*Asks:* 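My questions all concern the structure below.
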Amino acid sequence: MDVVSLYDNLNRELILDSLVAAISKCRQEWDQGFIDWFLEMIVNSLNSVYARFGDNWYRMKDCVPTGHTLSVHLADIAVFYVFDQFIYVNTVDIDFFARFVDDGTLLWSGGLDCFNEWIQTVQENLKDFGLEITFEITTSDVYSVFLDVKYKFIDKKLVTNIYQKPTDAHSYLNFNSFHPRHVFSGIVYSQALRYRRIISDDITLCSELDNLAHYFYQCEYPPKLVQPIIDAAKVKVRCLDYNTNKDEKTGFLVPFCTTYNSSAKELKQYINKKVNSTLKTAPVFSEIDSPIVRTVFRRGQTLSSILFRQKDLKLNNHQNSAGSGSGSISGRCTSVEEASRKRGRKCLTCPMMSEKGAVVINGIEMGCSGGDCKSRNIIYYFQCTVCNLGYVGKTDQPLHKRVNGHRKCYKIWVVRHVSPSELSAAELDIIRKSKSLQPFGLNIDNPMGIKIG
């Protein structure tokens, strides 16, 4: 079951009626003044949506825009409001009903004629709200699809399998992209765990997991990363219970933190046996079953961490060495000649740094404070080389770390050096002066929630 073109067919009157019904049922403690303000903010949010087509901008008159921050929530509330009047009330023939926003599935215990009569009545009632549903009828021994699950019943036993659309390209994050290694292993693990949860038959699971591994190989994932995770998922016990990630032992807990060292094992045994047993002789701790003191180890300093710490301290001097006056050049951390002689990995951010002393943003020329890709505590300006729109941001870390993952199509200017406590205010000031909020730039929100004229 699917609601046809839900976001396009939702009118503002239905949205407000459903919100009022939801508030009266779930938020009875809200006073009328707050409710009126809340509804007004929803209307203002929807009225502030604009769309661009070609060189023209258009304002939405009605419906809910797809991709809006509130779209899914408003649509979900509105659909529940309508279904609650015509679908949820039928508790005789509907054995089970599940819905996620505009998608739904149900088990019907009545006859086919009875269902056709009921669904026709529902369709007629939904027309009054401007909505329409499409549906597909299958018998219980044939797969039915709901979201990414397809299910059927064999000998009154529920059988589930993974559902993938014919248009699914199985395109995952490419292994050659600039991300930490644990991100890639996490993607493989989460997908394998998803297959294990959904697929009920172990033979089908093994086959589908082999297909999943093939999809990751197409995205250039190495077999030594993928295969161990896939093999572990094949033998993993299927668990559908919700994991709260809470320790069932609710006793008193005092963490004892220390650096991991050669005597860590003996220290942990001493605390578990001696310290905890001694504490439990006291009346205040006698009824606690779990350990009172638990040993927690943190990684000690290594030569690498010490050297990088000294390097970070050294980077603070870059804002002074690169210039601090208006019109200074945002340059490279190494010259072109030095970079050409340098062996090994070269700085990937340097080619993005603009060597101009000023930048023109929406017709407004702004002087730069100077800096390079190692500068920190700065307000920076990104300009897209494709659409020429700009983005103003702040960072208290070295600029080259902030740029990681965004090196495709931007030019960068260091606009201003400020103290860490003034970053947000300075960022707001540059956004206001450069008018870089959408649609004139790439900034989506102002950093302090202040209206920018």
Side-chain angles (χ1 to χ4, degrees), residues 41-42 44-52 55-60 65 67-71 315-316 318-319 322-331 349 352-453:
M41 291 298 101
I42 296 293
N44 289 339
S45 178
L46 295 175
N47 289 337
S48 63
V49 175
Y50 290 81
R52 183 179 181 179
D55 296 331
N56 299 320
W57 288 88
Y58 300 89
R59 178 179 178 180
M60 287 197 170
H68 189 269
T69 308
L70 303 175
S71 294
L315 295 181
N316 286 324
H318 273 269
Q319 70 177 47
S324 58
S326 177
S328 300
I329 295 176
S330 302
T349 307
M352 300 174 61
M353 301 296 297
S354 172
E355 298 182 354
K356 298 179 180 179
V359 55
V360 179
I361 310 173
N362 294 323
I364 303 172
E365 182 174 346
M366 301 188 67
C368 299
S369 294
D372 56 30
C373 59
K374 301 297 190 296
S375 299
R376 61 169 64 196
N377 294 325
I378 59 171
I379 306 300
Y380 59 83
Y381 177 73
F382 283 8
Q383 186 178 52
C384 179
T385 57
V386 177
C387 65
N388 291 326
L389 295 180
Y391 175 85
V392 175
K394 63 183 178 183
T395 180
D396 57 358
Q397 60 180 338
L399 180 60
H400 73 280
K401 292 184 178 181
R402 174 64 182 88
V403 176
N404 282 351
H406 302 281
R407 295 196 177 103
K408 292 291 184 182
C409 54
Y410 289 101
K411 276 294 182 182
I412 305 175
W413 285 262
V414 177
V415 179
R416 185 181 298 179
H417 289 275
V418 294
S419 64
S421 61
E422 298 174 342
L423 277 174
S424 295
E427 180 188 22
L428 175 66
D429 183 51
I430 298 299
I431 291 176
R432 180 182 59 82
K433 290 181 178 179
S434 63
K435 299 179 181 179
S436 62
L437 282 177
Q438 290 185 348
F440 306 106
L442 298 178
N443 287 89
I444 299 176
D445 302 306
N446 67 71
M448 303 181 72
I450 303 175
K451 182 178 181 181
I452 300 178

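FYI, the numbering just counts along the sequence from 1. Keep in mind it's a predicted model, so treat the numbers as computed, not measured.
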*Asks:* Please name the pair of heavy atoms, one in Trp57 and one in Arg52, separated by the smallest distance, quoted to 0.1 Å.
*Replies:* CZ2-CD, 3.5 Å
*Asks:* How far does CD1 of Ile378 sit from CD of Glu427, to the nearest 0.5 angstrom?
*Replies:* 11.5 Å
*Asks:* Where is the tightest heavy-atom contact between Asn47 and Tyr50, given as atom of each residue plus distance?
*Replies:* O-CE1, 4.4 Å
*Asks:* Calculate, to the nearest 0.5 Å, the distance between atoms CG and CZ belonging to Asp429 and Arg432 respectively.
*Replies:* 5.0 Å
*Asks:* For the CD1 atom of Ile431 and the OH atom of Tyr391, what is their distance to the nearest 0.5 Å?
*Replies:* 7.0 Å
